[in-house]
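One structure is given here, and the rest of the page talks about it.
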Amino acid sequence: MLDMQHETFLRFPEGKAKAFTLSYDDGVEADKKLIGILDNYDVKCTFNLNSGMFPDKGLHDRMSEEDSYALFSRCGQEIALHGHRHLYLTKVSSVQVVQEIVANREYLESKYNRLVCGMAYAYGATDDGICNILRGLGVHYARTTVSTGNFSLPQDFLRWDPTCHHTDRSLSEIARRFVDTSPLDERKARESYLFYVWGHSYEFDDNENWHVMTDLLDTVAHRDDVWYATNGEICDYVNAFGMLQWGITDQLVFNPTHTDIWVERDKKLYRLPSGRTVYFEV
Ligand SMILES: [Zn+2]
């Protein structure tokens with residue numbers, strides 16, 4: 001039986017083969033309008049917040065501490081780290097990197113009374129040493145500013161490259177490609193698609209182009225074959241897939257996690273219930 005070859009592909013919750021997520025930085029006034037739009041379209045976003053910059057009004061119109069809390073404590077979107085003082089982590093000592101993250105995490109977790117394990121690098125700045133520090137501090141994922149232009153899942157969640165920024169000239173073409181194609185269309189199965197867009201909401205005000213976001217969501221939102229999730233939900237789900245325990249012949253798999261996991265194998269979709277062992281049909 002060991003010569004039987006089966007390739008198993010991750011599928012998102014409910015067996016969906018595509019996911020869409022957003023990531024917006026800095027905690028600025030325009031996030032209020034953005035969240036209103038996201039709610040209308042039922043899409044999810046991760047907002048990356050500093051914790052030591054509140055009085056700096058005028059710097060891209062950052063929100064006051066009170067406004068920030070009023071908005072993000074109730075909006076149903078994810079909050080994540082962005083550094084205490086928005087420092088270039090590659091331009092400070094390791095001790096300061098630790099302080100940037102610990103102070104940021106302590107503030108957000110105690111203020112919002114929730115676990116905050118995600119992050120976006122200020123200025124996209126990172127390197128191997130910083131990734132190691134983040135791992136030691138329990139950060140599960142961190143977004144860069146490097147565009148992939150494609151729908152691949154990250155190889156390393158601490159260097160999570162997004163598909164593109166919302167100002168990307170190809171944004172509408174990429175969005176069209178995302179909805180018009182599917183890994184299920186291929187004769188041979190393919191990995192699931194993730195479309196990941198990032199930016200700053202003040203850019204929509206500065207450039208008077210909020211239509212960029214509504215045009216994007218007109219294309220990608222409210223589709224049955226897409227999972228709309230925060231960055232953290234996607235990271236947790238993909239990590240849960242990685243924790244599956246396989247039998248030596250690949251015929252059985254145990255799901256030790258708290259979440260049901262969907263996989264596609266030999267063109268068949270399987271739900272692997274939390275805490276259960278599944279035997280595959282040969
Ligand atoms: Zn920033």
Inset, instruction - Could you check if a side-chain atom of W210 sits within less than 4.5 angstrom of a side-chain atom of I37, using non-hydrogen atoms only? - result: yes

Inset, instruction - Verify, without hydrogens or angle tests, whether E109 (side chain) and L115 (backbone) share a donor-acceptor contact under 3.5 angstrom. - result: no

Inset, instruction - For N255 and R276, indicate whether the former's side chain and the latter's backbone hold a donor-acceptor pair under 3.5 Å. - result: no

Legend entry - Which atom of D225 lies closest to which atom of K16, heavy atoms considered: O-CB, 3.8 Å

Legend entry - Short side-chain to backbone donor-acceptor contact, S93 and Q96, under 3.5 Å: yes

Legend entry - Heavy atoms from other residues, nucleotides or ligands near NZ of K91 exceed 12 (cutoff 6.0 Å): no

Legend entry - Side-chain donor-acceptor contact under 3.5 Å, H82 with D26: yes

Inset, instruction - Given side-chain hydrogen bond (donor to acceptor under 3.5 Å, both in side chains), test N150 with Y193 step by step and report yes or no. - result: CA-CA 8 Å; N150 63 37; Y193 290 173; over 6 Å; no

Inset, instruction - Indicate the atoms forming the closest heavy-atom contact of V179 with K18, along with that distance. - result: O-NZ, 3.5 Å

Inset, instruction - Examine the side chains of S274 and H258 and answer whether a donor and an acceptor come within less than 3.5 Å of each other. - result: no

Legend entry - Single-linkage hydrophobic cluster Y112~L81, side-chain heavy atoms < 4.5 angstrom: yes

Legend entry - Co-membership, hydrophobic cluster, residues L216 and W198, 4.5 Å side-chain: no

Inset, instruction - Measure centre to centre between the rings of H211 and F204, then say whether the value is under 6.0 Å. - result: no

Inset, instruction - Give a yes or no answer on whether the side chain of D185 reaches the backbone of T181 with a donor-acceptor pair at less than 3.5 Å. - result: no

Legend entry - Heavy-atom check, side chain of L171 versus side chain of C164, under 4.5 Å: yes

Legend entry - From T167, D168, T163, residue fulfilling side chain to side chain donor-acceptor pair (under 3.5 Å) relative to H165: T167

Inset, instruction - Write down the atom of C75, the atom of D39, and the distance for their closest heavy-atom approach. - result: O-OD1, 4.4 Å

Legend entry - Flag, side chain of S192 to backbone of L10, donor-acceptor distance under 3.5 Å: yes

Inset, instruction - Would you give the length of the straight line joining atom CD1 of I79 to atom SG of C45, rounded to the nearest 0.5 angstrom? - result: 12.5 Å

Legend entry - Check: L158 main-chain N/O paired with D156 side-chain donor or acceptor under 3.5 Å: yes

Inset, instruction - Mark yes when over 12 heavy atoms from residues, nucleotides or ligands other than Q245 sit less than 6.0 Å from its CD; otherwise mark no. - result: yes

Legend entry - Linked, directly or transitively: V102 and Y121 (ILVMFWY side chains, under 4.5 Å): yes

Legend entry - ring pair (Phe, Tyr, Trp, His ring centres under 6.0 Å) partner of F12, chosen from F195, W262, Y228, W227: W227

Inset, instruction - Report yes if some heavy atom in the side chain of H6 is under 4.5 Å from a heavy atom in the side chain of F280; otherwise report no. - result: no

Inset, instruction - Give the intermediate values and the outcome of side-chain contact (heavy atoms from CB on, under 4.5 Å) for residues M119 and I101. - result: CA-CA 9 Å; M119 176 163 154; I101 306 309; 3.7 Å; yes

Legend entry - Heavy-atom side-chain contact between N239 and Y141 under 4.5 Å: no

Legend entry - Residue R114 excluded, over 12 heavy atoms near CZ under 6.0 Å: yes

Inset, instruction - Can you measure from OH (Y196) to CG (D161) and round to the nearest 0.5 angstrom? - result: 10.0 Å

Legend entry - Close side-chain approach of F241 and T259, heavy atoms under 4.5 Å: no

Inset, instruction - Answer with yes or no whether the side chains of N48 and S23 bring together a donor and an acceptor at under 3.5 Å. - result: yes

Legend entry - Residue pair S51 / A103: nearest heavy atoms and the distance that separates them: OG-O, 4.0 Å

Legend entry - side chain to side chain donor-acceptor pair (under 3.5 Å) partner of T46, chosen from E233, E78, R143: E78

Legend entry - Mutual orientation of the aromatic rings belonging to Y123 and H86 [parallel < 30°, tilted 30-60°, perpendicular > 60°]: perpendicular

Legend entry - pair R190-S182: side-chain heavy atoms closer than 4.5 Å: no

Legend entry - D25 side chain vs H200 backbone, donor-acceptor pair below 3.5 Å: no

Inset, instruction - Verify the cluster assignment for L38 and M63: are they in a single hydrophobic cluster under the rule of side-chain heavy atoms below 4.5 Å apart? - result: yes

Legend entry - Distance (rounded to the nearest 0.5 Å) between L22 CG and F47 CZ: 8.0 Å

Inset, instruction - Check whether the ring centres of F151 and F178 lie less than 6.0 Å apart, and answer yes or no. - result: yes

Legend entry - Over all atoms of both residues, closest heavy-atom pair of T214 and Y41: O-OH, 3.6 Å

Legend entry - Side-chain donor-acceptor pair present, E65, Y107, cut-off under 3.5 Å: yes

Inset, instruction - Check whether any side-chain N or O of T21 sits under 3.5 Å from a backbone N or O of A229 as a donor-acceptor pair, and report yes or no. - result: yes

Inset, instruction - Go through the steps for H222 and D42 under the test side-chain hydrogen bond (donor to acceptor under 3.5 Å, both in side chains), then give the verdict. - result: CA-CA 7 Å; H222 295 144; D42 299 312; 3.0 Å; yes

Inset, instruction - Mind checking the CD1-CZ spacing from I261 to R11? Nearest 0.5 Å is all I need. - result: 14.0 Å

Inset, instruction - Tell me, with the steps shown, if D67 and R62 meet salt bridge (Lys or Arg N to Asp or Glu O under 4.0 Å). - result: CA-CA 10 Å; D67 282 3; R62 283 170 179 272; over 6 Å; no

Legend entry - Verdict with reasoning, L34 to M213, per side-chain contact (heavy atoms from CB on, under 4.5 Å): CA-CA 9 Å; L34 177 59; M213 179 51 74; 4.0 Å; yes

Legend entry - Sub-4.5 Å side-chain heavy-atom contact between L108 and F72: no

Legend entry - In one Ile/Leu/Val/Met/Phe/Trp/Tyr side-chain cluster, 4.5 Å: W246, L269: yes

Legend entry - Residue N113 excluded, over 12 heavy atoms near CG under 6.0 Å: no

Legend entry - Distance under 6.0 Å and angle within 45° of ring axis: K111 vs Y69: yes

Inset, instruction - Please answer whether the main-chain N or O of T144 pairs with a side-chain N or O of R159 as donor and acceptor at a distance below 3.5 Å. - result: no

Inset, instruction - State whether the number of non-hydrogen atoms from other residues, nucleotides or ligands found under 6.0 Å of Q155 atom CD is greater than 12. - result: no

Legend entry - Where Y270 and K268 come nearest, the two heavy atoms and their spacing: CD1-O, 3.6 Å

Legend entry - Interatomic spacing from CD1 in I130 to CG in L137 - rounded to 0.5 Å: 12.0 Å

Inset, instruction - Kindly say whether P273 contributes a backbone atom to a donor-acceptor pair with the side chain of D260 at under 3.5 angstrom? - result: no

Legend entry - Side chain proximity check, F9 to P183, heavy atoms < 4.5 angstrom: no

Legend entry - Inter-residue atom distance I234.CD1 - L153.CG, 0.5 Å rounding: 8.5 Å

